[in-house]
Amino acid sequence: LANYILKNGKPLVVRNASVGDAETIVAVVSQVTSEVVYLLWDPTYYNVEVERNYIARANEKQNILILVAEEEGRIVGVGELKIGDFRKNKHIADLGIAVVNEFRRLGVGTSLMKEMILWARKNRLEKICLSVFSTNKGAFSLYERFDFAVEAVRRRQFKLNGVYVDEILMAKFLN
Ligand SMILES: CC(C)(COP(=O)(O)OP(=O)(O)OC[C@H]1O[C@@H](n2cnc3c(N)ncnc32)[C@H](O)[C@@H]1OP(=O)(O)O)[C@@H](O)C(=O)NCCC(=O)NCCS
């Protein structure tokens, strides 16, 4: 559990997700996926039942960190770090992050990033990886601020509303 102060002066709590948060997490992610231009998932890709099982398994196995950011008891952002499943990639983790529209540019994303990086260091991970649409300037600059560097570009990897965008793969080494 960690406490932050947002740019609007309000306190933000970043904590581990529990199974009881599944419904709200799905609502938050669904809201962001419905904006289309930020996340790969189709809005109907998953549901509360799937998320409940996912959180339960993550908390039991400790191979996935699922964080929620709460402002006045309302979950306004989620972050996830997933450690590689195999001996050959268990030194890396994949990162995902989403903040609800009305709460962007207040520091929620920054708070989630800080906590995910702390957890990665605590777990002696060596590298954090992520994927971002080339058109997602906001996320890209957040990642640059945390010293993520571009590793590769997969051209025309996605189509957003019929328009091709590139996939940018970024990574941060922790050692
Ligand atoms: C990307 C995202 C997680 C950033 O979260 P956030 O809470 O808005 O980030 P912060 O307020 O902590 O921003 C920190 C810095 O990142 C950069 N940044 C964030 N959003 C930006 C934007 N839209 N345009 C330009 N820079 C941006 C800025 O440098 C910002 O600092 P500043 O506000 O002092 O200028 C959020 O915009 C979001 O959820 N977007 C939709 C989902 C998404 O794109 N997820 C990532 C998919 S790869």
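All figures in this text were calculated on a predicted structure; none of them were measured in a lab. Nothing fancy with the numbering, it's 1 onward along the sequence. Every number for a ligand or one of its atoms is a count from 1 in the order of the listing.
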Next item on the list: Evaluate the criterion side-chain contact (heavy atoms from CB on, under 4.5 Å) for residue pair N101 and Q31; output intermediate values, then yes/no.
Entry: CA-CA 8 Å; N101 192 103; Q31 196 190 314; 4.1 Å; yes

Next item on the list: State, with a plain yes or no, whether a side-chain heavy atom of E167 is found less than 4.5 Å away from one of L169.
Entry: yes

Check: Does Y38 have any ring-ring contact (aromatic ring centres under 6.0 Å, His included) partners at least two apart in sequence or in another chain, and if so, which?
Finding: none

Notebook entry, point to check: Can you tell me how far CZ of R105 sits from OG1 of T110, rounded to the nearest 0.5 angstrom?
Noted result: 9.5 Å

Note to self: Tell me which residues fall inside the under-4.0 Å heavy-atom shell around ligand 1.
What the structure shows: K7, V32, Y38, L39, I97, A98, V99, R104, R105, L106, G107, V108, G109, T110, S131, V132, N136, G138, A139, S141, L142, Y143, R145

Note to self: W41: which residues meet the ring-ring contact (aromatic ring centres under 6.0 Å, His included) condition with it, sequence neighbours left out?
What the structure shows: Y45, Y46

Next item on the list: Could you pull out all residues at least two apart from Y164 that satisfy ring-ring contact (aromatic ring centres under 6.0 Å, His included)?
Entry: none

